Amino acid sequence: MAASPATVPERPRPRLPATARRVASGMAVPVGSVVLAFVIGALIVLATGGDPLAAYQGLLCGGLGAFCTQGENPALQVSSTIVFTIPLIMAGMAVALPFRAGLFNIGAEGQFLAGAIACTTIGIHLGTLPAPILLPLVLLGGMAAGALWAGIAGVLKATVGAHEVVTTIMLNYVAQWLLRYLIIGGPLQLASGTSKSSPIGAGARLATLLPNDNNLVIFGLPSSVYRVHSGLLIALLAAAVFAFLLWRTTLGYEIRAVGQSQKAARYAGVSVRRTIIVTMLIAGAFSGLAGAIQIAGIDHNLTDKYFSDTTGFDAIAVALLGLGSAVGIVLASILFGALHSGSGVMQADAGISSSLVLVLQALILFSIAANFLGAIRLRLPGLGRAPAARPPDSPAAALMTEAAAPPPEGSPSAT
Amino acid sequence: MSATAPANAVEMRGITKAFPGVVANNKVDFTVRAGEIHALVGENGAGKTTLMNVLYGLVHMDEGEILIDGKPVHIGGPRDAIGKGIGMVHQHFMLIPVFTVGENVMLGREPVTGPGFYNRVRAREEIAELTRKYGLALDPDARMADLPVGLQQRAEIVKVLYRGANILILDEPTGVLTPQESKELFGVLRDLVKTGKTIIFISHKLREVLEISDRITVMRRGNVVGHLVTKDTNEQEIATQMVGRAVLLRVDKKPAKPGPVTFKVEDLTASSDRGVPALKGVSFELRQGEILGIAGVEGNGQSELVEVLAGTRRATGGRVLLGDKNVTTFDARTERDAGIAFIPEDRRGAGLVLSYSVADNLILGRQRTPAFAWRELVLRLVAIRDWARRLVKEFDIRTPSIETAARNLSGGNQQKIIVAREMASRPRVLLAAQPTRGVDIGAIEFIHRRIVAERDEGTAILLVSAELDEVRSLSDRIAVIYEGKIVSIEPGDAPEERLGLLMTGGGSARG
């Protein structure tokens, strides 16, 4: 093989295959952060007079349907977790993609709301259209609205240099107040005195995965109670699109190049401005789709519950915890979905306030952001591979460490 | 003052230091006599810096002992080293740009009055005394950011002296200096030695080493491979020891056979990042099959010139013609498509995406060409891999695999990625800016050979280099740039003195 390192002498034998080692070392920070958060969470419960084991048992039951003691239906809990997971996956992509381009999209929430608003508006006004037309329309409408919302920040960043953190945060407020106006006294309000919109037409609704049938009993309950809907498939498809876009397309290549070195990207003939705008448009479309799916799949109308929605903010933690990769984001979304879903059971069974979950989420985000584990590993070189021990002045050392990796996947020349 | 007999200022015995996967220093013996300038030479990664970091306490050795002035010492950190009179001037200065020279020198050791008020007057006096004693002209009240690099370095030296250093370690001190500044630095070093200081000079520039040092220690792959006395050796011998085989220091090239003019720059003007005119009407012609070298002291518009030609900086006036096509306003991508390739001077910042694999870097800038992308949209991974394997072999890029991140390769191999990528596209014009900066001898030899081979294939090459030697050994014609203008175009064999004079604004242009 052409790339075989004939010039690198006496390289040490790898103990694990390189990919496995890379995955393991990549997982260390997110897994460690989650573990750390749970440990601190347990101490908090303990300090406030609760029983951490009972609390976490409640979480496990409510999140994953395991270790239930009060007769909860595990399948129902899993369904609930998936329902919470679906929008997080797409909103997580909306944060992770700009990350790759070196942009921090704090505005997933605003884009999410824009998508929900657009979906609702279309779903009400064209409510009589048949599903094969209306459903794609509301979803595309949601994507377009989210893209527009993020695109504003992208264009401002690319043209006048307005920082995307500031503009996306501000646009969150705009979306939140727009929503409030629309359903309280505004054109979408159902009836005066209410704080919700009319429902979207039947054709705009996503089907549940299980038949909506009160007589069909699945896992001991009528199948109509399971809310898990076909948005799950869309979310997983979105994750696949995200991964493909990032790693297999010229656009993804250029997005990553812009994120790593704008100068190198410019020398490579990449228009940094254009890339920033396109990245934000795609990100917004992901988040807008999440909002549209939440309406089309679950709520079927805008309600005041969206005033306090945090999907777009949780998405930031999801993107960080998932290390910006499609698989990681799906896994992190499941974790956050399970926490969300489990908090109710924990409160009911163990008597621990469901707010503990918010504390846990914050702790996870905090320890990732602060890279606590990295800092700990720095202090104690005995733990882990201690990248800090690598001398900065010795490229040879770095080369040798990499040299431990066997050549990549098999030669394609056979075909 | 120093002892009269040449006692050893530093003696390092059997120093061994291993990093995961590599032995950076393998039982290294290193002795420096008091009052000498001792050069430590070797290629990148040979272990020079590690050895000096051990001496300065930045790295802890696994085995070995250190004697300072004949006494065994323990150096646990830089503080210990400073206490033993060892000072280090780093390659990248450790200065605070907005502070004055005095504040920078005093930092951490400020003279104070009463409950901790900075005593500006005494600080100034102390610096004045230091600079007088060692003949280092320096204004203590100048703001560091306003000083040229040469004076910033001088401030670093004064800082080290202020901390009481008797043994100065200088890590690649001339890397950032102009030829004039280097000369001044050498004067300073000779004066310092006269006052009894001992200097360890780390470098890979052999001519400088021969000029300034008394003795030389050569390292290769973690071992000391030679002790030389400067006056009894020559460039060829040092290079051979450094690389481990005979090296071709002179570029072997046949006379050029220039073809028709293929690239024309007419009265080009452009501004620098700060908005001041950097190019003030640059004109030259480039023929097929010739190398035109641009010689000049750094900061005279070379960077801007290359950027304009590469399409990453806008020209404010003038024209650039490729054949009959006006490419003045082309951006980097359209220029590449038109047949102009470029090796940017900032290898790590502009030439590579360091976190990308070797393979990904080998298509950087050509990611949308049909060979590597289906309809400009989807990357052809198999084609990219095959291409990468081919170039890695053809250009002898030493990498464990094509999936290795470029970050993990040596400077020379990083540069070979860029050279391979740019040359393999079969350009009509190649712009090469500082193509061998910070690259080891073996890679320099290789890159020079490829540039000449490319010329012989008929490519028009513009070579911009701060190394006058490089310009002189490669170029068929030399254009000297001074303050944003080409002051003269000289033949390739123009004498160094004449070029040096033109580069600093002296001399008269040829007819």
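Chain letters run A, B, ... following the sequence lines, proteins first and then strands; every chain starts at 1. None of the values given here were measured: they were computed from a predicted structure.
- To the nearest 0.5 angstrom, Thr249(A) atom OG1 is 12.0 Å from Glu376(B) atom CD.
- Taking CZ of Arg248(A) as the reference point, atom CG of Leu377(B) lies at 15.0 Å (rounded to 0.5 Å).
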Carefully, step by step, assess Val353(B) and Arg256(A) under the rule side chain to side chain contact (heavy atoms under 4.5 Å, CB included).
CA-CA 9 Å; Val353(B) 177; Arg256(A) 289 182 288 126; over 6 Å; no
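- Of the listed residues (Glu335(B), Arg366(B), Glu307(B)), the one with the most heavy-atom contacts under 4.5 Å to chain A is Glu307(B).
- Interface remark: of the candidates Ala265(A), Ala264(A), Ser271(A), Ala264(A) forms the most heavy-atom pairs closer than 4.5 Å to chain B.
- Of the two parts of Phe372(B), neither the backbone nor the side chain holds a non-hydrogen atom closer than 4.5 Å to a non-hydrogen atom of chain A.
- Note that the OG atom of Ser261(A) and the CG atom of Leu364(B) stand 9.0 Å from one another [nearest 0.5 Å].
- The contact between Arg368(B) and chain A is made by backbone and side chain atoms together, counting heavy-atom distances below 4.5 Å.
- Using a 4.5 Å heavy-atom cutoff, the side chains of Tyr267(A) and Arg333(B) are not in contact.
- Closest of all the heavy-atom pairs between Arg266(A) and Thr312(B) is O-CG2, 4.0 Å.
- Rounding to the nearest 0.5 Å places OG1 of Thr250(A) at 13.0 Å from CZ of Arg375(B).
- Asp346(B) contributes atom CG, which lies 3.5 Å from atom NZ of Lys263(A) (distance to the nearest 0.5 angstrom).
- The candidate with the highest count of non-hydrogen atom pairs below 4.5 Å against chain A, out of Ile397(B), Val378(B), Asp331(B), Val358(B), is Val378(B).
- Remark: Arg348(B) CZ is loosely packed, at most 12 non-hydrogen atoms of other residues, nucleotides or ligands lying under 6.0 Å away.
- At most 12 heavy atoms of other shown residues, nucleotides or ligands fall within 6.0 angstrom of atom CH2 in Trp374(B).
- For Ile363(B), the parts lying under 4.5 angstrom from a heavy atom of chain A are both the backbone and the side chain.
- Note that the CG atom of Leu379(B) and the OH atom of Tyr253(A) stand 8.0 Å from one another [nearest 0.5 Å].
- Put simply, of Asp360(B), Leu381(B), Leu352(B), the one with the most heavy-atom pairs under 4.5 Å next to chain A is Asp360(B).
- In terms of heavy-atom pairs under 4.5 angstrom with chain A, the leader among Gly349(B), Gly47(B), Ala332(B) is Gly349(B).
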